[in-house]
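Just below is one structure, and these are the notes that go with it.
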Amino acid sequence: MPELPEVETVRRGLAPVLVGACIEQIYTARNNYFFVTPPKTLKARLLGRGVRDLLRHGKYLVALLDDDSKLLLHLGMTGQFVAKQLPRDEHVHIQLSLSNQRHITFRDVRKFGKVEWIPKGKDSKRLTKLGPDALVTNTAWLLSKLKERKIPIKTALLDQSIWAGVGNIYADEGLYRSKVNPNRPSSSLSRAQVDALRTHIQKLLEQAIMAGGSTINDYLMADGQLGGFQNFHHVYGKTGAPCPKCGELIQRITLGGRGTHFCARCQK
DNA sequence: GCACATGTTCTCGG
DNA sequence: CCCGAGAACATGTG
């Protein structure tokens, strides 16, 4: 669920709480959650560690620790990182108690999220296979990668090895604002169209960050509040509603296994 | 019961 | 080996 703007919003909310603090206590739920790094190892590696910085690449958060190891976090579809000691319901998997008396709760209903500890000097394959972050990707890179593929442009925009951070909402909204039909083969787009897509999507991502991200169901900001950008969606989740520009009804199709929303009259 | 859900990863067939 | 399609993962909502 969280795409780049949601993850960046969480990063900005967590950083003031986490950076500079030391991890003093760790609670892990005793359920079958697939952490990647097992709870026992996590506790052994994280207890007593200070947090130097909290970074983001695409939809991943990376906490840099004071022994030069790293903690990689991904929110999956329904993950929540909240800088509070939330009540421990059946979806709360981890709680950290920090030296500054603050707490961080990781809650995830569908359990698609990932928590991975990375030793000093090592890299996680999850990160190394990512393309450049979508906010800093330039047209030349995007064009060269899109030219290599015949898959629908919608599917290509979601490929995290091309650029990292765009998910289903911002792909659909970006294609709509760029007037590009999601079915178009990736390699068929002109340089001008790719440039328009890059520009529109980056603008969208920045506007969404300013609004605190899009809350559809589960996503929360780090202070527990809802995001606000869902109120600015034009096509995502608007199946059957009139297009804001031409009045044609918004269609929903499936591409790459994902629901895809667009205006067949505006997007060519 | 059915369809669908902000994501990633694996399998399978060509 | 490459590519793309579809399923799987786990749980909830309408």
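Throughout, a chain's letter reflects where its sequence line sits, starting with A, and its residues are numbered from 1.
- For the pair A:E8 and A:R11, the salt-bridge criterion is met [side-chain N within less than 4.0 Å of a carboxylate O].
- Across all strands shown, A:K114 has no heavy atoms under 4.0 Å from either base or sugar-phosphate atoms.
- Note on A:G167: only backbone sugar-phosphate atoms sit closer than 4.0 angstrom, heavy atoms only; bases stay farther off.
- Here A:R258 reaches the OP1 or OP2 of B:dG7: one of its side-chain N or O atoms lies under 4.0 Å away.
- Residue A:I151 is classed as a sugar-phosphate contact, given heavy-atom separations below 4.0 Å to backbone atoms only.
- The same atom, C1', is picked in C:dT13 and in B:dT8; the two are 22 Å apart, to the nearest Å.
- Atom CZ in A:R252 sits roughly 11 Å away from atom P in B:dA3 (whole-Å rounding).
- Taking atom C1' on both C:dG4 and B:dA5, the two are 23 Å apart, rounded to the nearest angstrom.
- Nucleic acid contact for A:Y170: none, since no nucleic acid atom lies under 4.0 Å from a heavy atom of the residue.
- OP1 or OP2 of B:dT9 sits under 4.0 Å from a side-chain N or O of A:K129.
- Stretches of at least 3 consecutive Watson-Crick or G-U wobble pairs, with each checked distance under 3.5 Å, appear in DNA chain B as B:2-5 with C:11-14, B:7-14 with C:2-9.
- When hydrophobic residues (I, L, V, M, F, W, Y) are linked wherever their side-chain heavy atoms come within less than 4.5 Å, the members clustered with A:Y60 are A:L55, A:V62, A:L64, A:L72, A:I118, A:L127, A:L130.
- The outermost nucleotides of DNA chain C lying under 4.0 Å from heavy atoms of chain A, listed 5' to 3', are C:dG4 to C:dG12.
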